[in-house]
Amino acid sequence: MTNNRAGFALCGSFCTLAKAVAEMEHLKEEGWDLYPIMSPIVYGTDTRFGKAADFRDRIQNICGREIIHEIKDAEPIGPKKLLDILVIAPCTGNTMGKLACGITDTSVTMAAKAHLRNGRPLVIAPATNDALSGSAKNIGALSNTKNVYFVPFGQDDAEKKPTSMIADFTQIGPAMLAALEGRQLQPMLFS
């Protein structure tokens, strides 16, 4: 891997943020040049999973740059051809629905739209409680969209949350490398 410029966007699956940030750190150690992007909700919301300011500080320290968290700051990603690849991890069902329908109302969806206009790969790491219900059609639509790839994902608790699915965050790096080659790793994991 040779210093590819990667956007790393985080959405509001708060229970998976720590895993995503750990993988962000791993990517940086492997030599990726990271551009952090956060949805406004993640950027400013404290939860039982951690304080927003703590996540922001850690992410800025990892990436060495300010976090893009407003639409106006995400829009130039396209015209400037800023990124070679963009990953959204975690990507909520809400964000996947917006991407599938072409809705651009957050810094993350704007970053994706701006990036995709350049014909470059977008990698999605799903984390949603309704992947096998309400979000299933959006996952299907996105899996059939040019330049969109998925981090392998599967059910996280089939008994207690039968429609919930989550990406294997340790596969973000391999999924990104495959996407840069135009390949999709096995998207669905089965236990």
Side-chain angles (χ1 to χ4, degrees), residues 1-13 16-17 20-21 23-24 27-28 31-45 52 55-56 59-60 62-128 135 137-151 153 167 169 172-173 175-184 187:
M1 210 286 304
T2 57
N3 209 30
N4 283 319
R5 297 166 303 158
F8 197 114
L10 299 101
C11 296
S13 175
T16 62
L17 288 180
V21 174
E23 287 306 310
M24 182 183 283
L27 292 171
K28 186 66 173 181
W32 290 87
D33 184 14
L34 298 177
Y35 291 74
I37 304 158
M38 293 176 92
S39 72
I41 296 298
V42 175
Y43 187 83
T45 305
F55 279 113
R56 290 192 309 262
I59 289 166
Q60 287 179 164
I62 292 167
C63 299
R65 5 179 99 81
E66 293 291 317
I67 297 167
I68 296 169
H69 62 96
E70 294 184 12
I71 291 174
K72 67 180 178 63
D73 297 323
E75 188 277 333
I77 288 171
K80 291 183 178 181
K81 297 184 178 178
L82 187 63
L83 307 173
D84 299 310
I85 190 165
L86 172 61
V87 62
I88 304 174
C91 189
T92 60
N94 184 46
T95 297
M96 285 188 284
K98 291 175 181 183
L99 293 172
C101 293
I103 297 170
T104 307
D105 65 350
T106 69
S107 50
V108 173
T109 55
M110 175 55 82
K113 174 186 175 182
H115 176 71
L116 283 170
R117 82 179 213 170
N118 295 322
R120 295 178 178 176
L122 169 65
V123 177
I124 296 172
T128 179
S135 289
K137 65 183 175 186
N138 298 322
I139 291 169
L142 289 168
S143 68
N144 197 36
T145 301
K146 186 176 181 180
N147 297 317
V148 175
Y149 302 87
F150 282 87
V151 174
F153 63 101
F169 284 79
I172 290 173
M176 291 169 68
L177 291 174
L180 284 169
E181 296 174 353
R183 293 184 303 110
Q184 170 66 63

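Please read all numbers here as calculations on a predicted model, not as lab measurements.
- In this structure, the side chain of R120 engages the main chain of K81 through a donor-acceptor pair within 3.5 Å.
- A heavy-atom distance below 4.5 Å is not found between the side chains of T109 and I103.
- Remark: side-chain polar atoms of Q184 are paired, donor with acceptor, to backbone N or O of F150 under 3.5 angstrom.
- Between L122 and A112, the shortest heavy-atom distance links the atoms CD2-CB, 4.1 Å.
- Using a 4.5 Å heavy-atom cutoff, the side chains of I37 and I77 are in contact.
- Distance check, rounded to the nearest 0.5 Å: CD1 of I59 to CE of M24 gives 4.5 Å.
- In E66, the CD atom is not crowded: 12 or fewer heavy atoms of neighbouring residues, nucleotides or ligands sit closer than 6.0 Å.
- Side chain of T92 to main chain of S13: no donor-acceptor pair is present (N/O by atom type, distance under 3.5 Å, no hydrogens or angles).
- Heavy atoms only, all atoms of each residue included: G7 and L83 are closest at N-CD2, 3.5 Å.
- Partners of T45 according to the side chain to side chain contact (heavy atoms under 4.5 Å, CB included) rule, which considers only residues two or more places apart in sequence or in another chain, are F14, I41, T47.
- Nearest heavy-atom pair across V108 and M38 is CG2-C, 3.9 Å.
- Expressed to the nearest 0.5 Å, how far OG of S39 lies from CG of N94 amounts to 9.0 Å.
- Of the possible donor and acceptor atoms, none in the side chain of N4 sits under 3.5 Å from a partner among the backbone N and O of W32.
- Side-chain contact check for L10 versus F55: every heavy-atom pair is 4.5 Å or farther apart.
- Distance check, rounded to the nearest 0.5 Å: CD of E75 to CE of M110 gives 6.0 Å.
- Cation-pi geometry between R183 and Y149 is not met at under 6.0 angstrom from the ring centre and within 45 degrees of the axis.
- The salt bridge (Lys or Arg N to Asp or Glu O under 4.0 Å) analysis of residues 86-113, with sequence neighbours excluded, yields the pairs K98-D105.
- Heavy-atom minimum distance, T95 versus C11: OG1-SG, 3.4 Å.
- With respect to H115, the side chain to side chain contact (heavy atoms under 4.5 Å, CB included) criterion is satisfied by exactly one of L86, N147, D84: L86.
- Side chain of R65 to backbone of P36: no donor-acceptor contact under 3.5 angstrom is found.
- No donor-acceptor pair under 3.5 Å is formed between the side chain of R5 and the backbone N or O of Y35.
- Of all heavy-atom pairs spanning L17 and P90, the tightest one is CD2-CD, 3.9 Å.
- The CG atom of N138 lies 10.0 Å from the CD1 atom of I124; values are rounded to the nearest 0.5 Å.
- Atom NZ of K28 sits about 6.5 Å away from atom SG of C63, to the nearest 0.5 Å.
- V148 has its side chain out of reach of S143: every pair of non-hydrogen atoms, C-beta onward, lies at least 4.5 Å apart.
- With rounding to the nearest 0.5 angstrom, the CG atom of D33 is 8.5 Å from the CG atom of L82.
- Annotation: side chain of V87 is not in contact with side chain of E23 (no heavy-atom distance under 4.5 Å).
- A pairwise comparison of heavy atoms in G173 and L27 identifies CA-CD2, 3.8 Å as the closest pair.
- I88 places a side-chain heavy atom less than 4.5 Å from the side chain of L99.
- In this structure, the side chains of P79 and R117 come closer than 4.5 Å at one or more pairs of heavy atoms.
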